[in-house]
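These notes are about the structure you will find just below.
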2 protein chains.
Amino acid sequence: MGASKTDHFTDKQNAIAVMAKALGHPARVAIIEYLLKTDSCICGDIVNELPLAQPTVSQHLKELKNVGLIKGSIEGNAICYCVDEKALTVLQKFFTHVTTKMEKKKNQCC
Amino acid sequence: MGASKTDHFTDKQNAIAVMAKALGHPARVAIIEYLLKTDSCICGDIVNELPLAQPTVSQHLKELKNVGLIKGSIEGNAICYCVDEKALTVLQKFFTHVTTKMEKKKNQCC
DNA sequence: AAAGTTTATCGTAATATTGCAATACAATAA
DNA sequence: TTATTGTATTGCAATATTACGATAAACTTT
């Protein structure tokens with residue numbers, strides 16, 4: 001095995017899982033944080049910021065892009081990457097919903 | 001390779017990544033949602049709810065527990081699993097922080 | 001104690017991820 | 001055109017994940 005049985009889960013569950021998985025690596029969390037912190041969003045700057053080789057960073061960027069968490073636009077020779085607001089908002093709403101539900105339950109057990 | 005270079009990232013980045021990774025599988029998202037939806041939190045009920053074999057579910061529960069997203073308490077013969085409020089609140093705050101920062105930036109590029 | 005119930009662990013096969021060197025590709029500069 | 005610069009892709013080795021059958025462990029009931 002090694003592949004998830006996505007067929008049996010809801011679209012929403014799969015969507016959350018796919019985005020969460022993309023953030024399941026510190027380098028990719030660092031990329032998102034860097035994109036929010038800085039004004040420049042040039043790929044080369046991200047490579048310099050991270051303790052990883054250029055091909056590895058490129059791979060991480062590709063993954064974030066595939067999942068829709070970031071988007072890239074060609075900026076002359078370089079490429080400018082930015083966070084995608086919609087995708088991150090989906091995650092934000094999910095976790096806010098979760099914590100809201102938790103408060104309502106207030107430790108009914110455990 | 002196959003192992004993440006966690007040494008070079010901040011503790012917070014690693015913490016977020018570890019929890020996000022745990023939610024990077026639809027079954028584990030489904031488990032969290034189920035625990036919030038229902039009053040019963042018996043392991044057997046979770047196994048019945050998911051389209052996966054009992055050992056597989058047990059493995060997923062273990063992962064969620066290792067990461068601190070859920071906690072389990074022995075309930076006679078069975079085991080009662082519940083979400084851990086603190087851990088999920090950390091994620092909620094992270095994504096709220098992210099979306100807040102996004103709004104401030106308002107598409108400076110891309 | 002013996003049998004049943006519930007959950008965890010072991011072992012293993014299939015697949016996925018991570019990381020990087022080498023290299024290719026694309027756009028600009030000389 | 002020929003560098004040069006910036007990014008992506010390929011190929012591969014090391015490791016991790018997913019899934020489940022078989023089995024063990026722990027508690028309950030009979």
Would you indicate which nucleotide in C:dA8, D:dA16, C:dT6 comes nearest to any side-chain atom of B:Ala3? D:dA16
Considering only side-chain heavy atoms of B:Ile42, which listed nucleotide, D:dC20, C:dG19, C:dT7, is closest?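 Closest nucleotide to the B:Ile42 side chain: C:dT7.
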Contacts of [X] that satisfy side-chain hydrogen bond (donor to acceptor under 3.5 Å, both in side chains) - sequence neighbours left out:
X       : answer
A:Glu63 : A:Arg28
A:Ser4  : B:His25
A:Asp45 : A:Ser40
B:Thr10 : B:Gln13

Is any side-chain N of the basic residue among A:Glu49 and A:Lys37 closer than 4.0 Å to the acidic one's carboxylate O?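 A:Lys37 and A:Glu49: salt-bridged.
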Proximity to DNA chain D (any heavy atom under 4.0 Å), residues of residues 16-31 of chain A only: none
So, with a heavy-atom separation below 4.0 Å from DNA chain D, the residues of residues 45-64 of chain B are B:Leu52, B:Ala53, B:Pro55, B:Thr56, B:Gln59, B:His60, B:Glu63
In chain order, what residues pass the salt bridge (Lys or Arg N to Asp or Glu O under 4.0 Å) check against B:Glu75, with sequence neighbours excluded? none
Salt bridge (Lys or Arg N to Asp or Glu O under 4.0 Å) partners of A:Lys86, counting only residues at least two apart: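 A:Lys86 satisfies salt bridge (Lys or Arg N to Asp or Glu O under 4.0 Å) with no other residue.
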Please list all pairs meeting ring-ring contact (aromatic ring centres under 6.0 Å, His included) that have one or both residues in residues 26-51 of chain A, counting only residues at least two apart or in different chains.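 Found none.
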Holding to side-chain contact (heavy atoms from CB on, under 4.5 Å), I want the full list of residues that pass it with A:His8, two or more places apart in sequence or in another chain.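 side-chain contact (heavy atoms from CB on, under 4.5 Å) list for A:His8, sorted by chain: A:Lys5, B:Pro51.
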Just jot down the side-chain contact (heavy atoms from CB on, under 4.5 Å) partners of A:Thr56, sequence neighbours excluded, or say none.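 Listed in chain order: A:Leu52, A:Ala53, A:His60.
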Polar atom pairs between nucleotides 25-29 of chain C and protein, under 3.5 Å, N or O only, would you list them?
none

Of A:Ser4 and A:Cys43, the one whose closest nucleotide on DNA chain D sits nearer the 5' end is A:Cys43
